[in-house]
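This structure is a prediction, so every number in the text was calculated from the model and none was measured.
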Amino acid sequence: MILPIIMIALCLFGGIGYFFYTKFVVSKKTQVNTAQDFVNIVDIKDHFLYTKDDYVMSYFKIQPISIELLSEREKESLCNMLTAELSSLNEPFKFIAISRPVDISSLISEYTELLHNSTDQIQKTLLRKEIYEMNDYALSGEVVERQFYIVLWQKYYDGVEEDLIKRAKDFIRRFESCGVPCTLLKEGDIVGLCSLVNNSVYEKSEVSVS
């Protein structure tokens, strides 16, 4: 009679021990591995991002232009020029469009300086109200701007950085020949872009083109 009780007790304690082991030890290891695998970045240096799977990536930003100022014929001409310039490309690239809050820091700084230097009480009151309203807009996330980027990549080999920069500069030249300015991203800009892409608060979309 005692032996079956002992066997039942051993099975019970063994089951409890296995439950706690899987819940706290195994799950913790799984979480750590998942977190490490999620970030596929080894290093960001100069104009390049290096990944764990041995790719090197380069980025440039397409500066916004105001197409509202163009006539319908000018818009059609711009589309045709861009199509002609990009149609001859035979290597893949990625187009990224990101929504982010409008950067009003420079305007806030300007208004704050005016506020400090003003001696007119009415002007100071108006400036304070304007600063508060702009801050509210910025914090609400209702006023956003679209930013556009092109991503180029290449499997790593000796000298890949030089070849990737040539591709990026050729790409930029094609856009700028159509009157669309571009900026090659540096280390700090790439870090900022990675932060924007992984920020789930604001809507983002990606389109791959080959």
Item to check | salt bridge (Lys or Arg N to Asp or Glu O under 4.0 Å) partners for R173, two or more places apart | outcome: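 If we apply the salt bridge (Lys or Arg N to Asp or Glu O under 4.0 Å) test to R173, skipping adjacent residues, the hits are D170.
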Checklist entry - Do F60 and F175 pass the side-chain contact (heavy atoms from CB on, under 4.5 Å) test, and can you show the C-alpha distance, the side-chain angles, and the key distance before you say yes or no? => result CA-CA 11 Å; F60 66 88; F175 273 103; 4.1 Å; yes
Checklist entry - What closest approach, in Å, do V180 and I65 show between heavy atoms, and which atom pair accounts for it? => result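 Here V180 and I65 meet closest at CG2-CD1, 4.1 Å.
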Checklist entry - Hey, what do you get for CG (D54) to CD (Q154), rounding to the nearest 0.5 Å? => result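 Reported value, rounded in 0.5 Å steps: 13.0 Å.
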Checklist entry - Parallel, tilted or perpendicular: which fits the ring planes of F171 and F93, with parallel below 30° and perpendicular above 60°? => result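 Perpendicular, since the angle between the ring planes exceeds 60°.
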Next on the checklist: Could you tell me if the side chain of K186 sits less than 4.5 Å from the side chain of D46, heavy atoms only?
Outcome noted: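 Side-chain contact under 4.5 Å: no.
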Checklist entry - Do M57 and V151 come close enough that some side-chain heavy atom pair is under 4.5 Å? => result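 They are in side-chain contact.
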Next on the checklist: Taking NZ in K155 as the centre, count heavy atoms belonging to other residues, nucleotides or ligands within less than 6.0 Å. Is the count above 12?
Outcome noted: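 Yes, NZ of K155 has more than 12 neighbouring heavy atoms, counting only those of other groups under 6.0 Å.
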Next on the checklist: Going by ring pair (Phe, Tyr, Trp, His ring centres under 6.0 Å), name the residues that satisfy it together with Y156, two or more places apart in sequence or in a different chain.
Outcome noted: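 None.
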Item to check | OG1-CG distance between T51 and D43, expressed to the nearest 0.5 angstrom | outcome: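 With rounding to 0.5 Å, OG1 (T51) is 11.5 Å from CG (D43).
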Next on the checklist: Around atom CD of E113, are there more than 12 heavy atoms from other residues, nucleotides or ligands closer than 6.0 Å?
Outcome noted: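 No, the 6.0 Å shell around CD holds no more than 12 heavy atoms from other groups.
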Checklist entry - Would F95 and I62 count as a side-chain contact (heavy atoms from CB on, under 4.5 Å) if you check the C-alpha gap in whole Å, the side-chain angles of each, and the deciding distance to 0.1 Å? => result CA-CA 10 Å; F95 173 79; I62 304 173; 4.3 Å; yes
Checklist entry - Same cluster or not: are L114 and I122 linked, directly or through other Ile, Leu, Val, Met, Phe, Trp or Tyr residues, by side-chain heavy atoms under 4.5 angstrom apart? => result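 Looking at the clustering, I122 is in a separate group from L114.
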Item to check | Cluster link V191 to I41, ILVMFWY, side chain under 4.5 Å | outcome: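 V191 clusters together with I41.
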Next on the checklist: Can you give me the closest heavy-atom contact between H47 and L185, atom names plus distance?
Outcome noted: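 Here H47 and L185 meet closest at ND1-O, 3.0 Å.
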Checklist entry - Does a side-chain heavy-atom distance below 4.5 Å link D163 with Y157? => result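 The answer is yes, as the side chains (C-beta and beyond) meet within the 4.5 Å cut-off.
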Next on the checklist: With no hydrogens and no angle check, just 3.5 Å: does a side-chain donor-acceptor pair link Y149 and Q147?
Outcome noted: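 Q147 and Y149 do have a side-chain donor-acceptor pair below 3.5 Å.
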Checklist entry - What heavy-atom pair brings P181 and E176 nearest, and what distance separates the two atoms? => result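 Minimum heavy-atom separation between P181 and E176: CA-CG, 3.9 Å.
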Item to check | Distance in Å, I150 CD1 paired with C182 SG, rounded so as to fall on 0.5 Å steps | outcome: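 Rounded to the nearest 0.5 Å, the CD1-SG separation comes out at 8.0 Å.
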Checklist entry - Measuring from F48:CZ to I190:CD1, what's the distance to the nearest 0.5 Å? => result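 Between atom CZ of F48 and atom CD1 of I190 there are 8.5 Å.
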Checklist entry - Looking at OG1 of T183 and CD1 of I172, how far apart are the two atoms once the value is rounded to the nearest 0.5 Å? => result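 Between T183 OG1 and I172 CD1, I get 7.5 Å after rounding to 0.5 Å.
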Checklist entry - Near E76 CD, under 6.0 Å, is it more than 12 heavy atoms from other residues, nucleotides or ligands? => result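 Counting neighbours around CD of E76, 12 or fewer heavy atoms of other residues, nucleotides or ligands fall under 6.0 Å, so no.
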Item to check | Point-to-point distance, once rounded to the nearest 0.5 Å, from OG1 of T125 to CD of E130 | outcome: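 Between T125 OG1 and E130 CD, I get 13.0 Å after rounding to 0.5 Å.
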Checklist entry - Between D120 and S118, do the side chains contain an N or O donor and an N or O acceptor separated by less than 3.5 Å? => result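 Note: D120 and S118 side chains miss the donor-acceptor criterion.
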Item to check | Heavy atoms of other groups near K75 NZ, more than 12 under 6.0 Å | outcome: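 Count over threshold, so yes.
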Item to check | Trace of the side-chain contact (heavy atoms from CB on, under 4.5 Å) decision for R128 with Y111 | outcome: CA-CA 8 Å; R128 286 194 190 95; Y111 280 11; over 6 Å; no
Checklist entry - salt bridge (Lys or Arg N to Asp or Glu O under 4.0 Å) with E68: which residues, sequence neighbours excluded? => result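 By the salt bridge (Lys or Arg N to Asp or Glu O under 4.0 Å) rule, E68 matches no residue at all.
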Checklist entry - If you look at every heavy atom in A168 and L184, which pair is closest and at what distance? => result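 What the structure gives for the nearest pair is CB-CD1, 3.9 Å.
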Next on the checklist: If you define the side chain from C-beta out and look only at heavy atoms, does anything of K61 sit under 4.5 Å from F148?
Outcome noted: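 No; the side chains remain at least 4.5 Å from each other.
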Item to check | Shortest non-hydrogen contact between I108 and T112, atoms and distance | outcome: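 Minimum heavy-atom separation between I108 and T112: O-OG1, 2.7 Å.
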Checklist entry - How close do L69 and E74 get, heavy atom to heavy atom, and via which atoms? => result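 Heavy-atom minimum between the residues: O-OE1, 4.2 Å.
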Checklist entry - Looking only at side chains, do D189 and Y59 share a donor and an acceptor under 3.5 Å apart? => result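 D189 vs Y59: no donor-acceptor pair found between side chains.
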Next on the checklist: Tell me whether L126 shares a hydrophobic cluster with Y132, the cluster being built from Ile, Leu, Val, Met, Phe, Trp, Tyr side chains joined at under 4.5 Å.
Outcome noted: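 No; Y132 is not reachable from L126 via cluster members.
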Checklist entry - Regarding R167 and S58, is there a side-chain donor-to-acceptor distance under 3.5 Å anywhere? => result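 Side chains of R167 and S58: no pair found under 3.5 Å.
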Item to check | Test item: R174 side-chain N/O and E85 main-chain N/O as donor-acceptor pair under 3.5 Å | outcome: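 Side chain of R174 to backbone of E85, a donor-acceptor pair under 3.5 Å: yes, one is there.
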